[in-house]
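Position 1 is the first residue of the sequence; numbering continues from there.
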Amino acid sequence: MPTAVLTDHERTAVQAYLRLLQTVRAAMDGPPGTGRPPVVPPAALADAERALAAAGLTGNEEAFFRLLHTWCPEV
């Protein structure tokens, strides 16, 4: 299996996405029966958007998910 060497911006984008994913999972696993929809803090979304833009991955989901799968295959 080839090893991908991510740039600093790509690594930051992957890490921001993983933080966002963890935040969404935590929100979805919140207290059951509250009747409230899961809420993801706007700061978590903004962090991921900034990181993706800095890595030049905005609008290029295929390239981003290829990097993500190479770096973190269990996601």
Visitor: Over all heavy atoms of both residues, which pair between T12 and A51 is shortest? Give the atoms and the distance, please.
Guide: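 Minimum heavy-atom separation between T12 and A51: O-CB, 3.8 Å.
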
Visitor: Any idea which heavy atoms bring H9 and A55 closest together, and the distance?
Guide: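 That would be O-CB, 3.4 Å.
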
Visitor: To the closest 0.5 Å, what do you measure between CG (L20) and CG (L45)?
Guide: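 The CG atom of L20 sits 5.5 Å away from the CG atom of L45.
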
Visitor: With sequence neighbours excluded, tell me which residues meet side-chain contact (heavy atoms from CB on, under 4.5 Å) with Q15.
Guide: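 Residues passing side-chain contact (heavy atoms from CB on, under 4.5 Å) with Q15: R11, R19, W71.
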
